K.L.:
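This is the structure I want to talk about, given as C-alpha cells.
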Number of protein chains: 2
Amino acid sequence: MTTTSPVPAAADAPAQPAVTVTSRPLPVTAVRLDDPFWSPRVEVVRRRTIPFQRRQIDRVGHLRALAGAPDPGDAPPHVFWDSDVAKWIEAASNSLAVTPDARLERDVDEAVEVLARAQHPDGYLNTYFTAAAPGERFTDLRDAHELYCAGHLIEAGVAHHAATGKTSLLDVVRRYADLIGEVFGPGPGQLRGYDGHEEVELALVKLARATGEDRYLRLASYFVDERGREPYFFDAETARRGTDGWFGEHFSGLDHPGRTREYLQAHAPVREQHEAVGHAVRATYLYSAMADLAADTGDGTLLAACRRLWDHLAATRTYVTGGLGSSRVNEGFTRDFDLPAEDAYAETCAAIGLVMWSQRMLTVDRDRRYADTMERALYNAVLAGLSADGEHFFYDNPLASRGGVQRHEWFEVACCPPNIARLLTSLGGYAFAQGRDELVVHLALGAAVRFETSAGPATVDVSTDAPWGGRTQLRVTDSPGGEFTLSLRVPGWAEGGQLTVDGQRFDVADLLGPDGYVSLTRAWQVGAEVVLDLDVAVRRWWADPRVTGEAQHVAVTRGPLVYAAEEVDNGPSLVDLRLDRSAPARVVQVPGLPDVLGVRLSGGRVEHAGAGLYRTEPPRRVPADLLLVPYYAWANRGAGEMRVWLGDSED
Amino acid sequence: MTTTSPVPAAADAPAQPAVTVTSRPLPVTAVRLDDPFWSPRVEVVRRRTIPFQRRQIDRVGHLRALAGAPDPGDAPPHVFWDSDVAKWIEAASNSLAVTPDARLERDVDEAVEVLARAQHPDGYLNTYFTAAAPGERFTDLRDAHELYCAGHLIEAGVAHHAATGKTSLLDVVRRYADLIGEVFGPGPGQLRGYDGHEEVELALVKLARATGEDRYLRLASYFVDERGREPYFFDAETARRGTDGWFGEHFSGLDHPGRTREYLQAHAPVREQHEAVGHAVRATYLYSAMADLAADTGDGTLLAACRRLWDHLAATRTYVTGGLGSSRVNEGFTRDFDLPAEDAYAETCAAIGLVMWSQRMLTVDRDRRYADTMERALYNAVLAGLSADGEHFFYDNPLASRGGVQRHEWFEVACCPPNIARLLTSLGGYAFAQGRDELVVHLALGAAVRFETSAGPATVDVSTDAPWGGRTQLRVTDSPGGEFTLSLRVPGWAEGGQLTVDGQRFDVADLLGPDGYVSLTRAWQVGAEVVLDLDVAVRRWWADPRVTGEAQHVAVTRGPLVYAAEEVDNGPSLVDLRLDRSAPARVVQVPGLPDVLGVRLSGGRVEHAGAGLYRTEPPRRVPADLLLVPYYAWANRGAGEMRVWLGDSED
C-alpha cells in the first residue's frame, strides 16, 4: 500500500482547465414561482407533503428520542432519522422563504430547539449514536450514515438561515461541523476517514458559502481528496471495530455489490475516477461536491474529473428519461450500455442527484447540455416519482412495466419524498442563475426573479407554457438602469425558433452562442420584453446499438418530455406495438389526465399466431393508432402496462 | 400453524390419474454405445474427465481427510466433497459397465474401501461432519447438503453394483440409508425433517429398486411427503441450532432469495405445488423423485402434481435451449416468461435435471413431448456445457453474449463436469426403455441394445445420423422368436417422414400413435430392419409475446439442435443482424468446427447512423448472409459475441 499526497503533483498532472465561474444559482428568496405547471405541484408539497413529513417524524418518535424521552410505543432509532428531520426542515424553510406560514415556522423552531438541546457539549449531534448506540460515534463510517446525516443537518441549517434569517440551527450545525473538523483530517490524532454515503461534502461547501468561513471549504476538500486513497480507510475501520457494519444484516458478506469500494466511489482518488460507478445517489452527491469545490477553490483537476465523469455517464449509463442506476442490487451503475427498461432502478433520488450535479456543472462550465440533462431528468425521471395528486411516490422508475406497478404511500419509501419536497421548493435556484450583470435562464420556469446588477437589483417576470409549448416571455419589471445581460438557454431539443426583443424579431440560430445560450446585453428598461418562441417537435430516438435491449426500438420525445405508451390508452401487450418512423404526430388531450398533452402516432400492432412458449407461426402486423403520454404522468390511471421504448416498424 | 396428515384425504382430492408404467429405462449394462456423435464425447469422459475427477479428489485431500490422515497442505473439508467422490464413482462405474479398465476399477475399489472404513459403526458416513464438524451431524439440513451427499453416495453404490456386481459400496450405503431411516421420520424420537437440496429421495428409489427393499421406497416417500409441511422444519432447525447455517456467509440474511421456502421447494406440500420455483437443480431433482415414486407406488396424486409442474414449466419457464433458471441470484426460477437471454443462468446441472425428470415422466406417461424436451435439453443446454475438446465447461449457459465468455477449466466449476460425466456414461438409459415385450426408442442413439421379451432376450442394433440427419435404422441381431414390439419416437420437430419395415415403405403419419410413437409388433427375425427417415427441416421459432425480451426476434432450429450466430462467422454487433422469414436455408460446413453442420440464411444487417447514447438518426438495413452454428458448439473458436435469438426482419 502507498500513501499519496492530498493533491497530485502538478508536474505529473496533464494540463487542467482553468475554472471560470460565470454565474451562480439564485438563492431561494430571489425567485417567486408562478408557473402553471410547477406551482400546483409546489403547493401540494407545501400543503400536504411537508405536514406529512412532520407527522412521520412524530409518529416514529424521533424528536422524543432526541430529547431523551421516548414514548413506550416509539420505534427504535434508525441511523437515517436525522436526515429525515433535516430534509423536512430544509423543505419547510424553502417554503417559508416565499410563503409565510406561522404554524410551520413554529413547528420548525420547535424541532430546531430539540436539536439544539440534544447537541452534546462538544458539538456532536446524532440521534442514533446518542440514543441507541452511545459510545460508538464515528466507528462505522462505512455503513452508519453518520456524516451523511450531519450533511443534511448542515444543509437544513443553511436553508433555515437563508429563509428566515435565524441563526438558531445554523449555530448548531456550525458547532457540529467544527467538531467534525477536529475529529477528521490527516493530522496527528485525527481520524483519517470519510463517510460511506457522500453528502457532508456538498453541505460543507454550502456552510462555507453561508458563513464565509474557509475552514468548512477546507474540510469539504479534505473529505473529497481523502476518498479512495490507500490505505483503504474502511478496511482499517472494520478491523478496528471487529464487528460487521450497520448493514451487516442487509448485505451478503464482503462480496456483496453493496460492499465494494466502487459502491462507495472509494475505489480510487476522485481525480483518478473515470467512470460513474456504484450507488447512483452517492455518486451524484460526490460529483456535486467536486463541482462545488472546483467553483470555490478554482481547482481545475476537479473540473477535469467532473467533465470526464459526466461524459462517460452521458455516453453510456443514463436512461433516456435521465434516470440513473441499472440495478437494484447496488441501487446503482453496472456496466456500459446496460440499461434494462423493465428492471431499471433509476431511483428518484439519483435523478435528483443528477439535477443537483447538472446545476453545479453549469456554474463552472456553461454549456446547455448540462441544462438539457437537468431538464430531462427533472421532467421525467424525477417527476415520475410523484403522482398527479402529489401524495404517492415511486422510489425506482422503470421504463417498462408489465402491469401491477403503482406509486406507494409515503411511509413505504423514506428517502425520495423529502428529497422531492426540498427540490420542488427550491426550483428557482435550478432554473435561474446570477452572473455578473447577468440573469441566466437555464430552465423555462414562470417566476418573478430578482437579481443583482452593478447598478442595483433588477426584477424580471418570466412566464412560459413549458413543457407543453416553446414560448418563454421575459418582462423587465424593475430596472436600476445601466446595462445588463439576459441569457436564455435554447434547449437542444428545439428544432428552431424566433426571438422577439421589444417587437423586433430574430432567428434564434443567428443569435445562438456556442454554449447554447442567447445572451442579450442592453440597458434594459422597465417594460422591456423578450419572447423566445421555440419549435417543439415530436422526435424519435434510437439507442446506441450496444444497448442491446433497445435494438429495434424507438423512443418518442416532445420538448423536454419523454413519452410512453400505457395500457389504458393502447390495450394490453404493449410489447406488440410498432411505431411508424415517418408518420406525422398529433398533439391531443389525454382522457383522464387533465392538463396533460398526449401524442397520437400511427403504427401497428403485432398479432400473434400459434400457441405455446415457442411457436413456429410468425406474428403478423395490423395497422394501429398509438396514443402516448408523458412518462412522468404514467400510472395515474391504474396499474396497467407501460413502455417507453416501442417497437420500430421499419427495423 | 396446522399439521396435515401425510397423504391428503381421498374425499378432498380431485380425481387423480391412474399410474401405468409401460416401460422403464434400460440398465447401463444393456446398451453398448456406438454412435458417431456421442461415442467420441463419452470416450473423452472416460479417458480425460474421469481421471481428472480422480486427481481433483486427491488434490484437495478428500480421501485422506476421510481416512483421518490429512496431509498438511490439504484443503479444509467442504460439505460438497462426498458428492464429488460419489459422482466420480458413479461415472466410473457406468464406464466400467461397458468398457473394462483394470486401473480405473482398482481406483474405484480403493475409494470404496476408504469410504467403508470411514463409515461410523452406526452407519453414518460424511466427510465434513466427521473430519471438520464432529458432533454436528443432522443439525443443518437446510444448508449443509448432508442428505444430498448421502443421496449421491447411494446412487454411486447402486451404479457400482450394477456395473461390477460388487456389493462393497452398496452394503455401505444400505447401512447409511438404514441409519437415515432410523433418524428421520414422523415417529417418536425421530427428526421430522428433510434436506435443503433434494437428491436423497431419487437415490433411495434407486436403492429400493436395486435391493428390492420397500423400506427405502417408504423413506423416499416420507422425505417427499414431508417437504413443505407446517410447522416449517427449517425454522425449528435454525432456532434449535441458534446459529446461522453453513451458507450464512454466502446468503444475505433471511430475505435473500437463497433463503426462501420457494428456493428449497418447501413452500407447500409437493402435491399442492403448481409452479416450478426456486433453485432449478433442486427442483428437477425433487420432481424426478416424485415421478419415480408415482411409478413405484402407483400414487396418482404425485403423477398429477408432476404433470401440472411440467405443464407450467414448459409453458412459461423453459429456455428454447431446454435451459432452466432465469437468475443467478437464486440459481433458479423467477417469474413466468422471465427468460432473459444474456443474463440467463441455465445451469448445466439444471438441464441435466430436466433430462432426468423427462426420462422419469416417460416411464409414467408415455408422450413424446417429454422425449422432445429431453432431447432439446441434451443437445443444447446440456451439451453447450462441454467444450469440443471435452475439457472445458460452462456452469451457466446464457443465450446471448457480448463477448468475453468462455468455458472454464474444471476446477473453477465443481458440480457440472461430474454431472455431465455420469450423464454421458449412462446415455443408453435415456435413449432406450424396456416395455413388456417391447423396446422403446426415445432418442436416436447408435448402440447395440439388449432387452427382454417373454421369450427371452433380444438384441437390436441401432444406427443413426442424428443430430445432423433424420435417419435411424434398427436391425434385429438377436431374437428369441415370438412377437415383440419396436416403438420409435417420431420427434415433434420432424416435418414428416417414411418408415421402411423390411423393405416395405409407410408414411410415418399413417402409423403414428397419439403418444407420438410408432409401435411395430411382429415376430421379429434376426436381420429384420426398420428404417425411420425423417425430414429434418430448418425451422424458425417465435416466443410467446410475454417473453418481452424476445419480441421482434426469431430463433432457428434444425432437428433437435438450436442454432446461434457467432461473431467469428458474422462479424461483431450481432444485435444488428436480421433474419428473413422465408429465405431458404442451406446446410453447410462450418469453418473451424469439423463435424459440425451450420445453416446459412439470408437476412440483413442494420447499420447505425448518428452518435451518442441516444440519437435521432434512424438505423438502415442492408442485405447480409447469416451463418448459424449449433448452440452447443459456440465458444469453441474464441470468446466472441453469440446470440440465439436474432432480429426478425419482418417484425
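Values in this document were obtained by computation on a predicted structure and should not be read as measured data.
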K.L.:
Heavy-atom pairs under 4.5 Å with chain B - which of A:Thr616, A:Asp648, A:Val575 has more of them than the others?
P.N.:
A:Thr616
K.L.:
When heavy-atom pairs shorter than 4.5 Å are enumerated against chain B, which of A:Val606, A:Asp576, A:Val547, A:Thr318 gives the highest number?
P.N.:
A:Thr318
K.L.:
Between B:Glu617, B:His608, B:Arg578, which has the largest tally of heavy atom pairs under 4.5 Å with chain A?
P.N.:
B:Arg578
K.L.:
Using heavy-atom distances under 4.5 Å, tell me whether A:Arg643 contacts chain B through its side chain, its backbone, both, or neither.
P.N.:
side chain
K.L.:
Taking side chain to side chain contact (heavy atoms under 4.5 Å, CB included) as the test, write out the residues that go with A:Thr316, two or more places apart.
P.N.:
A:His312, A:Asp336, A:Phe337
K.L.:
Looking only at atom types and distance, does a side-chain atom of A:Tyr614 sit under 3.5 Å from a main-chain N or O of B:Val320, one as donor and one as acceptor?
P.N.:
yes
K.L.:
Is it the backbone or the side chain of A:Ala400 that comes under 4.5 Å from a heavy atom of chain B, or both, or neither?
P.N.:
neither
K.L.:
Could you look at B:Ala609 and say if it's the side chain, the backbone, both or neither that has a heavy atom under 4.5 Å from chain A?
P.N.:
neither
K.L.:
Name the option with the most non-hydrogen atom pairs under 4.5 Å to chain A; the candidates are B:Arg402, B:Arg620, B:Arg539.
P.N.:
B:Arg402
K.L.:
Give the member of B:Ala314, B:Gly612, B:Ala341, B:Pro619 that has the highest number of heavy-atom pairs under 4.5 Å with chain A.
P.N.:
B:Pro619
K.L.:
Checking A:Ala543 against chain B: side chain, backbone, both or neither under 4.5 Å from a heavy atom?
P.N.:
both
K.L.:
Using a 4.5 angstrom heavy-atom cutoff, name the option from A:Glu342, A:Glu650, A:Arg335 with the most pairs to chain B.
P.N.:
A:Arg335
K.L.:
To the nearest 0.5 Å, how far apart are CH2 in B:Trp541 and CG in A:Leu613?
P.N.:
10.5 Å
K.L.:
Heavy-atom cut-off 4.5 Å, strictly under: side chain, backbone, both or neither for A:Arg540 against chain B?
P.N.:
backbone
K.L.:
Where does B:Leu574 contact chain A at under 4.5 Å (heavy atoms): side chain, backbone, both or neither?
P.N.:
neither
K.L.:
Which atoms of B:Arg546 are under 4.5 Å from chain A, going by heavy atoms: the side chain, the backbone, both sets, or neither?
P.N.:
backbone
K.L.:
For chain A, find its close neighbours in residues 548-558 of chain B: heavy-atom separation under 4.5 Å, sorted by number, or none.
P.N.:
B:Thr548, B:Ala551, B:Gln552, B:His553
